[in-house]
Enquirer: 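Have a look at this one.
When reading the values below, keep in mind they use all heavy atoms of this one structure, side chains included, and skip hydrogens, waters and symmetry mates. Counting starts at 1 for both ligands and their atoms, in listed order.
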Amino acid sequence: MSSRSIVIIGGNGKIAQRLTKLLVSPSHQHRVTSIIRSPSQIDPIKALSPELVTPLVLSLETSQPADYTKVFEETAADVVYFMAGGSGKPGDNGETAVERTRKVDYEGSIMIYDALEAVSGKKPRLIMISALDIRAPDAPFPDHYDEADRALSARIRVAHPVYYEWKYKADIELVRRTGFKWTLVRPGGLTEEPGAGSASIGRTHLTSRVSRDDVAQVLFCLLDREDASGLAIDVTGGPSDINARLDEVIKKGESDFPL
Ligand SMILES: NC(=O)c1ccc[n+]([C@@H]2O[C@H](COP(=O)([O-])OP(=O)(O)OC[C@H]3O[C@@H](n4cnc5c(N)ncnc54)[C@H](OP(=O)(O)O)[C@@H]3O)[C@@H](O)[C@H]2O)c1
């Protein structure tokens with residue numbers, strides 16, 4: 001497989017760094033432009049692969065769509081991964097966690113959609129991180145949820161209403177976009193456990209958490225799966241081989257959003 005040009009938005013993130021390592025590994029050697037938000041992150045990100053990783057400081061909170069269009073065109077990006085998120089934390093310039101969630105998770109996403117649409121010539125595919133259980137506020141529980149899933153879903157919505165609101169708005173807007181190809185990846189609760197090399201993919205249970213290593217592996221596998229365009233793929237911890245199960249879900253066209 002030839003070397004690809006990849007742009008990661010939110011390159012300093014925990015999953016993003018794991019994904020970067022997979023992309024630049026000796027057997028793949030893809031070129032990664034890693035968009036970060038602080039100059040202090042340049043050296044550690046560059047150290048992931050001095051030859052293949054190019055850090056670029058550009059915050060979603062202070063930039064314009066044209067800044068990203070320029071990056072996508074200049075790098076001739078094949079795939080853009082959106083891995084950024086406000087993590088429910090307040091901003092550096094006094095924004096509350098609520099304002100920052102809207103700004104990074106929602107407005108940041110829309111800015112990247114707009115930037116992709118403005119790319120002249122072949123547009124990169126977007127692989128977008130979202131989260132399991134994002135759905136319309138009035139949507140019923142998915143049919144495959146058991147009682148424990150339903151109870152957890154209700155609890156999470158009460159604990160993180162702002163996150164669920166703005167992620168839903170970002171995702172539903174993505175589903176409406178037709179100017180570029182996209183895939184949504186919706187992990188369950190994330191852990192720092194070492195990857196199992198397996199997962200539960202597709203219609204799965206909310207109560208099962210998933211290692212960031214395994215989510216990074218799913219994202220990596222999607223690099224070559226243009227046929228996953230238009231699908232929203234749920235990922236939690238589980239026993240299935242990642243490549244084989246992903247292939248099954250993609251071939252079936254199984255999509256978990258919108259509900
Ligand atoms: N936590 C969970 O259990 C869970 C479950 C399902 C889905 N998710 C989703 O998965 C995503 C990735 O998870 P993760 O663990 O890798 O998160 P993470 O480590 O918090 O990564 C998010 C990245 O976004 C970056 N970012 C924040 N504001 C930005 C801005 N204005 N411009 C550019 N980049 C910005 C952060 O930069 P800094 O490094 O400078 O802060 C950070 O590197 C989360 O954001 C969330 O949406 C999370």
Enquirer: Which atoms from ligand 1 have a heavy atom of S59 less than 4.0 Å away?
Expert: 30 (C), 31 (N), 32 (N)
Enquirer: With a cut-off of 4.0 Å, which atoms of ligand 1 are near a heavy atom of V104?
Expert: 28 (N), 31 (N)
Enquirer: Does some side-chain heavy atom of P124 sit less than 4.5 Å from a side-chain heavy atom of L116?
Expert: yes
Enquirer: Below 4.0 Å from any atom of ligand 1, is there a heavy atom belonging to Q41?
Expert: yes
Enquirer: Any side-chain to backbone donor/acceptor pair from R4 onto H30? Under 3.5 Å, distance only.
Expert: no
Enquirer: Using non-hydrogen atoms of the residue, decide whether S130 is closer than 4.0 angstrom to ligand 1.
Expert: yes
Enquirer: Regarding D133 and Y145, is there a side-chain donor-to-acceptor distance under 3.5 Å anywhere?
Expert: yes
Enquirer: Using a strict cut-off of less than 4.0 Å between a Lys/Arg side-chain nitrogen and an Asp/Glu carboxylate oxygen, indicate whether D105 and K169 qualify as a salt bridge.
Expert: no
Enquirer: Looking at atom 15 (O) of ligand 1, what's its closest protein heavy atom, distance included?
Expert: R212 NE, 2.7 Å
Enquirer: In this structure, does ligand 1 have an atom that sits under 4.0 Å from one of the heavy atoms of R100?
Expert: yes
Enquirer: What is the nearest protein non-hydrogen atom to atom 46 (C) of ligand 1, stated with its residue, atom name and distance?
Expert: Y163 OH, 3.3 Å
Enquirer: Step by step, would you call K167 with D171 a salt bridge (Lys or Arg N to Asp or Glu O under 4.0 Å)?
Expert: CA-CA 6 Å; K167 276 306 251 188; D171 290 357; 5.1 Å; no
Enquirer: So is G189 close enough to ligand 1, meaning a heavy atom under 4.0 angstrom away?
Expert: yes
Enquirer: To which protein heavy atom is atom 32 (N) of ligand 1 closest, and what is the distance rounded to 0.1 Å?
Expert: L60 N, 2.9 Å
Enquirer: Test salt bridge (Lys or Arg N to Asp or Glu O under 4.0 Å) on R203 and D256; report intermediate values, then the result.
Expert: CA-CA 7 Å; R203 309 235 151 93; D256 299 308; 3.0 Å; yes
Enquirer: If you measure every N or O of L190 against every N or O of ligand 1, does any of those distances drop under 3.5 Å?
Expert: yes
Enquirer: In the protein, which heavy atom is nearest to atom 16 (O) of ligand 1, and how far is it?
Expert: I15 N, 2.9 Å
Enquirer: So, are E254 and R245 salt-bridged, with charged N and O less than 4.0 Å apart?
Expert: yes
Enquirer: What protein heavy atom sits nearest atom 31 (N) of ligand 1, and how far away is it?
Expert: E61 OE1, 2.6 Å
Enquirer: Using a 4.0 Å cutoff against the non-hydrogen atoms of S87, which atoms of ligand 1 qualify?
Expert: 20 (O)
Enquirer: Determine whether the side chain, the backbone, both or neither of I129 has a heavy atom under 4.0 Å from any heavy atom of ligand 1.
Expert: side chain
Enquirer: Using a 3.5 Å distance criterion without hydrogens, assess whether the side chain of E99 forms a donor-acceptor pair with backbone atoms of T96.
Expert: yes
Enquirer: Can you tell me if S38 contacts ligand 1 (heavy atom of the residue under 4.0 Å from the ligand)?
Expert: no
Enquirer: So, regarding P187 and ligand 1 (criterion: nitrogen or oxygen to nitrogen or oxygen, under 3.5 Å), is there a contact or not?
Expert: no
Enquirer: Going by an N to O cut-off under 4.0 Å, is there a salt bridge joining R150 and D146?
Expert: no
Enquirer: For atom 38 (P) of ligand 1, what is the nearest protein heavy atom, given as residue, atom name and distance?
Expert: R37 NE, 3.3 Å
Enquirer: Could you check whether R31 and S3, counting side-chain N and O atoms only, form a donor-acceptor pair closer than 3.5 Å?
Expert: yes
Enquirer: Look at K70 together with E74 and state whether they make a salt bridge at an N to O cut-off of under 4.0 Å.
Expert: yes
Enquirer: Ignoring angles and geometry beyond distance, decide whether G188 reaches within less than 3.5 Å of ligand 1 through its nitrogen or oxygen atoms.
Expert: no
Enquirer: Where does K14 meet ligand 1, judged by heavy-atom distances below 4.0 Å: at the side chain, the backbone, both, or neither?
Expert: both
Enquirer: Take atom 44 (C) of ligand 1 and look for protein heavy atoms under 4.0 Å from it; say yes if you find one, no if not.
Expert: no
Enquirer: Check whether any side-chain heavy atom of Y68 sits under 4.5 Å from a side-chain heavy atom of M111, and report yes or no.
Expert: yes
Enquirer: Please write down residue, atom name and distance for the protein heavy atom closest to atom 21 (O) of ligand 1.
Expert: G13 CA, 3.2 Å
Enquirer: Geometry only, no angles: is G85 polar-contacting ligand 1 at N/O separations under 3.5 Å?
Expert: yes
Enquirer: What I want to find out is whether E117 reaches K181 closely enough, with some N-O distance under 4.0 Å, to be called a salt bridge.
Expert: no
Enquirer: Can you name the atoms of ligand 1, numbered from 1 with element, that are less than 4.0 Å from a heavy atom of M83?
Expert: 12 (C), 22 (C), 23 (C)
Enquirer: Pairing donors with acceptors under 3.5 angstrom, does anything connect the side chains of S120 and E73?
Expert: yes
Enquirer: Relative to ligand 1, is N12 under 4.0 angstrom through side chain, backbone, both or neither, heavy atoms considered?
Expert: both
